[in-house]
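Letters A, B, ... are given to chains in the order of the sequence lines, protein chains preceding strands, and every chain is numbered from 1. Computed from heavy atoms alone, side chains included, the values below leave out hydrogens, waters and symmetry copies.
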Amino acid sequence: MPWQPNKLEAERLEKLRELEARGVAAYPARVRRTHSAAQAIAAFEAAEAQPEPPTVEVTVCGRIRRVNIKGKLAFMHIEDESGRVQLFLRINDLGEDTYALIADKLVDTDDFVQATGEMMRTRAGEVSVLTREFVLLAKSLSPLPVIKQSVLDDGTVVEYGEFNDKETRYRQRYADLAVNRSVRDTFVKRSRITTACRRFLDDIGFLEVETPVLQPIYGGAAARPFTTHHNELDQQLFLRVSFELYLKRLLVGGYDGVYEIGRDFRNEGVSFKHNPEFTQLEFYKAYIDYRGVMEITERMVAYAAEYATGSTLIDYHGQQIELKPPWRRVTMRDIVKEHSGIDYMDYPTAELLEGEIRRRGMQVKPGLPWGKLIEHLFSDYAEPKLIAPTIVHDYPRDISPFAKRVVGDDLHVERFEFYIGGMELGNAFTELNDPLDQEQRFLDMAQTFRAGDDDETPLDEDYLRAMRYGMPPNGGFGMGLDRLAMVLLDQPSIRDVLLFPHMRDLK
RNA sequence: GGGCCCAUGGCGCAAUGGUAGCGCAGCUGACUUUUAAUCAGUUGGUUGUAGGUUCGAAUCCUACUGGGCUCACCA
C-alpha cells in the first residue's frame, strides 16, 4: 500500500519543498560530531570547575525533542543515545537565513540536526550550546507522538502525555524506542544480560559455537517445529526447536565445554511468555553432572543480574527476590508433596496417579503418562509459589529422554529445572551418554507419540552414531534468555523484552 | 483454539440512543535567556470493517479484523 500522508505529514512534505526552494539539503551526506550530548555537558562542567574556565567548543548531533521559539531567540533540546542537551539559538549568531529555517518552522521536532558552538550556561542555569552553526541532518516526515518532560529539583523526570498503545508500540518498535526512554533502557539491559552470560561462560573455559538452524531432523525438546524446504536440494527442513543434539555431538568431537546463544523456533501457542521464536542459551560441559550444572547456573544468573541491573536483589512484580547463590534445592517429589499434599510415590503408575488427581477434582487429559501427570501437579500447585530462585531436581524418567537415571531409582532422572518469580527459566540434566539406553528412550518416546501424546520426538540415527563413538559424561543446560530478561527487568510480557515481537498480519 | 475486555483526529482521552468534544501536537500571529515557555487566534474525525435494529447509532445487535488479559499446549 503506498504511503497516504496524513495532514501533519502533508505539512512536513510542504516544508521539505520549501527547504529545497531555499537550497537547504534535507538529507546531507556529510556529518560531523565531536561530542555526544552527555560528553558536551560533562566537558563544560569540568571546564567550569577550573579557576580560569577555558572555552569548550563542541559539535553535537541529535534528534530535536523540544522547540521553543521566542522571536529572534530560540531554544531546542536535542537528544542522542547519551541524553539531551539544549541548543541556544540566536539570530545574531546564526545569521538571518539559517535562523529563518527555525523561525519559519521549516525545522520540526523529530528532525535530526547538528549544532556547533561554545558551551555556555543560560540565565536559568541550563548548560547549552551557544550555537553558531546549525545544520539539518535529516528531515522527519512523520511526527512521533509527543511526550513533554519536566525535570524536578531532585532530578526526577516527569512525563506529560504518553505513547502507550501496545499494538502500535510493538508493530512500530522504532517509534516506541524513539519516544519512550524507558523502553530504550530495557533493551540496553537485555543486551547486557546476554553479554554477561557470554562473558561468564567464556571466563570459565567454554567455547561459543554455532550449529544449524535448518535441520533435516529436529529434536532435543518436546515441541512442534516449523517446516521449510530447500528448493535446489529438494529437501524438507525444520527450524530447530533446540540446540541439544548438535551441541552434544561436539563433546563427542573432543570439546570439553560448548555453548550457543541463538534462536529456537516452536510452532505453538503465543502468550505472555511464549513467542514463536525465542532466544535460548544452552551449554554442555564434559566431566560434570547436574550438581555441577546447578552451581554454574546459580553463579551465571546472579552474575547477569548484577551486570545488567547493578544488583543481585531484583524487584519482580512488586516482590524482592535475592538471586545470590546458593538457591533452594528441592526434589520434584518433595516440592509436589509440599504444595499439593500428594506423595506421588504412593501412586507409582499412571492409572493410580490419574485416579488420585481426579479424586481431588483436578481436570486432566485422560491417558497421560505418569511423568506428565506429575508435571501437571507441579505446575498447578507448586510452580506459581516458587518466587525465590528454586532448583527443582530429580524428574520423572518417562518425560526426560536425554537425562541419566538417578542411581538406585528407576523412576527418576538427574534433571532439574529452575524457577524464579513463579516462572520456569531453564532446564538441565546429567546428560545421557549411553547409546543403547538413548536408542531405547527414542523408541519409547515414539511409542508414547503413537499412543496419542502429540509432541513427537523423531529418532535421530546420526546422533546415536555419534554417541556410539563415545561421549564423555557431561552436564547440559538450557535457558530462555527472554524469560530471564523478563524476570531481571521486571517486564510483564515476553513482548516487552523482544524488540520485534511476533504479530499477526494486518489484512 | 476457548472465555472476557478493548478499538473515537498524529498521541492521550471524553461524549450513559438525540448537534462527535477536550488536552497535547499542528497551523497563523506576538516575544533576544526559555524549559510541560507564555499569550491571542485556528485547521483537522465516513467513531477498526461490513451488515442490522431504530425517526435517529460512537453508543444497541450480528459477523469479521486487530490488540490486551486469561485458560489450554509449551521454554
| request: With ring-ring contact (aromatic ring centres under 6.0 Å, His included) as the test, would you mind laying out the steps for A:F226 and A:F238 before giving the verdict? | output: CA-CA 6 Å; A:F226 287 91; A:F238 301 95; over 10 Å; no
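- For the strand RNA chain B, secondary-structure stems (runs of at least three Watson-Crick or G-U pairs, all distances below 3.5 Å) span B:1-7 with B:65-71, B:10-13 with B:21-24, B:26-30 with B:38-42, B:48-52 with B:60-64.
- No engagement by A:G161 is indicated, since no non-hydrogen atom pair under 4.0 Å with the nucleic acid exists.
- Rounded to whole Å, the distance from OH on A:Y170 to P on B:G66 is 17 Å.
- Remark: A:R22 engages A:D104 in a salt bridge, criterion side-chain N to carboxylate O under 4.0 Å.
- When atom types are taken as modelled, the side chain of A:T195 and the backbone of A:S191 share a donor-acceptor pair closer than 3.5 angstrom.
- With rounding to whole Å, A:D104 atom CG is found 9 Å from B:U28 atom P.
- A:R66 contributes atom CZ, which lies 10.5 Å from atom CG of A:L87 (distance to the nearest 0.5 angstrom).
- Here, B:G10 and B:U49 have their P atoms 13 Å apart, quoted to the whole Å.
- Residue-level contact check: A:R171 touches the backbone only, with heavy atoms under 4.0 Å from sugar-phosphate atoms and none from bases.
- Distance OH/A:Y284 to CD/A:E260: 10.0 Å, rounded to 0.5 Å.
- Among A:D496, A:D176, A:D165, the single residue meeting the side-chain hydrogen bond (donor to acceptor under 3.5 Å, both in side chains) criterion with A:Y170 is A:D496.
- Per the geometry, CD belonging to A:E159 stands 17 Å off C1' belonging to B:G23, to the nearest Å.
- Among the protein residues, A:N427 comes within range of no part of the nucleic acid, since none of its heavy atoms lies under 4.0 Å from any strand.
- A cation-pi arrangement, defined by a distance under 6.0 Å to the six-membered ring centre and an angle within 45 degrees of its axis, is present between A:R415 and A:Y395.
- Remark: A:F200 pairs with A:Y303 by the ring-ring contact (aromatic ring centres under 6.0 Å, His included) rule, at least two apart or across chains.
- Of the C1' atoms belonging to B:A57 and B:G51, the separation is 14 Å, rounded to the nearest Å.
- In this structure, A:E9 places its CD atom 19 Å from P of B:A25, rounding to the nearest Å.
- Across all strands shown, A:R495 has heavy atoms under 4.0 Å from sugar-phosphate atoms exclusively, and none from any base.
- Within 6.0 Å of CD on A:E208 lie more than 12 heavy atoms contributed by other residues, nucleotides or ligands.
- Taking atom P in both B:U34 and B:G29, the straight-line distance is 24 Å, to the nearest Å.
- Put simply, A:K7 has no side-chain N or O that comes within less than 4.0 Å of OP1 or OP2 on B:U43.
- Rounded to whole angstrom, the span from the CG atom of A:D505 across to the C1' atom of B:U65 amounts to 12 Å.
- Rounding to whole angstrom units, CG of residue A:N164 and C1' of B:G67 are separated by 13 Å.
- Among the heavy atoms of the strands lying under 4.0 Å from A:N275 is at least one base atom, whether or not backbone atoms are also near.
- Atom CG of A:L141 and atom P of B:A25 are 21 Å apart (whole Å).
- Between the OG atom in A:S128 and the NE2 atom in A:H77 there is a gap of 7.0 Å [rounded to 0.5 Å].
- Residue contacts for A:M479: at a heavy-atom cut-off of 4.0 Å it reaches no nucleic acid atom on any strand shown.
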| message | What does the B/S/- profile of nucleotides 29-37 of chain B look like, 5' to 3', with a 4.0 Å heavy-atom cutoff to protein? | response | --BBBBBBB
